[in-house]
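Worksheet: the structure to be examined is printed underneath.
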Amino acid sequence: QEASVAAIKLNITSFDKYSDEYQKDPLLPSGPPRFYKDFPGWNIFLKKQGFYKTWQEASDAAVALKIKNCLDLRNFNKHDSRLHNAPNKFYPDFPGWDIFLKREITDKRKRNMSAAKRYETWQEAAEAAKKIGIKNCSDWKFNYKKDPLLCSYPKAYYSDFTSWKCFKEE
């Protein structure tokens, strides 16, 4: 509790900021989760409010920050710690990025979206990717175009995409 108070007095609001500034107080440990057996998690330690309870509240906050896509969100959630960096995984009723970010879908975009044939599931996409030698996120970035049914960013395309670990050889 004393370390929590000290970190808050230093205006530390995130893990990244803690890593950069904990040395300003010689009594703060470099890694509170390792140091304190009863470490309650960063949100409680830094007295953060936690994430927005609904995707609708998070959506309003994201739109107010002028977030344009899921990649933007990773940068902007540092400005609003209540924004989860992966709302598509955090909120079970996530409606999709267009609705979440209140993006207008033009007729041209609708045609492009419906014309784009993709693997129905990320599992099918992962199997296809393995066949062309994709083993991780970096491989995907440079090789997904080898298969026209692979999308550019599976984390955004498949709402239930779990992780890049699915590309590891078993």
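Excluded from the calculations below are hydrogen atoms, water molecules and symmetry mates; all remaining heavy atoms, backbone and side chain alike, are included.
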Within the side chain of [X], is there an N or O that forms a donor-acceptor pair under 3.5 Å with the backbone of [Y]?
| X | Y | value |
| --- | --- | --- |
| Ser19 | Phe15 | yes |
| Lys17 | Tyr22 | no |
| Trp140 | Pro154 | no |
| Arg118 | Ala125 | no |
| Glu57 | Lys53 | yes |
| Glu127 | Glu124 | no |

Just verifying a value: how many Å separate [X] [atom1] and [Y] [atom2], rounded to the nearest 0.5 Å?
| X | Y | atom1 | atom2 | result |
| --- | --- | --- | --- | --- |
| Phe100 | Ile67 | CZ | CD1 | 7.0 Å |
| Lys141 | Asn136 | NZ | CG | 11.5 Å |
| Asp93 | Gln56 | CG | CD | 6.0 Å |
| Lys146 | Ile134 | NZ | CD1 | 7.5 Å |

Would you indicate whether the side-chain heavy atoms of [Y] and [X] approach each other to under 4.5 Å?
| X | Y | answer |
| --- | --- | --- |
| Leu73 | Pro87 | yes |
| Tyr119 | Trp122 | no |
| Leu65 | Leu83 | yes |
| Ile132 | Leu150 | yes |

Any idea which heavy atoms bring [X] and [Y] closest together, and the distance?
| X | Y | result |
| --- | --- | --- |
| Lys68 | Arg103 | O-NH1, 2.9 Å |
| Leu10 | Leu28 | CD1-CD1, 3.8 Å |
| Ser14 | Leu46 | N-CD1, 3.5 Å |

**Report entry** Sub-6.0 Å ring centroid separation between Trp97 and Phe94
**Finding:** yes
Report task. Measure from the ring center of Trp55 to the ring center of Tyr52 and say whether it is less than 6.0 Å. Result -> no
Requested in this report: Return yes if a side-chain donor-acceptor contact under 3.5 Å exists between Asp139 and Tyr144, otherwise no.
Outcome: no
Query raised in the report: Would Asp60 and Lys102 count as a side chain to side chain contact (heavy atoms under 4.5 Å, CB included) if you check the C-alpha gap in whole Å, the side-chain angles of each, and the deciding distance to 0.1 Å?
Result: CA-CA 9 Å; Asp60 289 342; Lys102 299 178 183 172; 2.6 Å; yes
Report task. List in chain and number order the residues that pass side chain to side chain contact (heavy atoms under 4.5 Å, CB included) with Pro29, two or more places apart in sequence or in another chain; answer none if no residue qualifies. Result -> Tyr18, Pro32, Phe35, Tyr36
Query raised in the report: Are Ile12 and Ile8 linked, directly or through other ILVMFWY residues, by side chains that come within less than 4.5 angstrom of each other?
Result: no
Report task. Report yes or no: is the cationic atom of Arg82 (NZ for Lys, CZ for Arg) closer than 6.0 Å to the six-membered ring centre of Phe51, at no more than 45° off its axis? Result -> no
Requested in this report: Look at atom NZ of Lys66 and say whether more than 12 heavy atoms of other residues, nucleotides or ligands are closer to it than 6.0 Å.
Outcome: no
Query raised in the report: Quick check: are there more than 12 heavy atoms from other residues, nucleotides or ligands sitting under 6.0 Å from CD of Gln23?
Result: yes
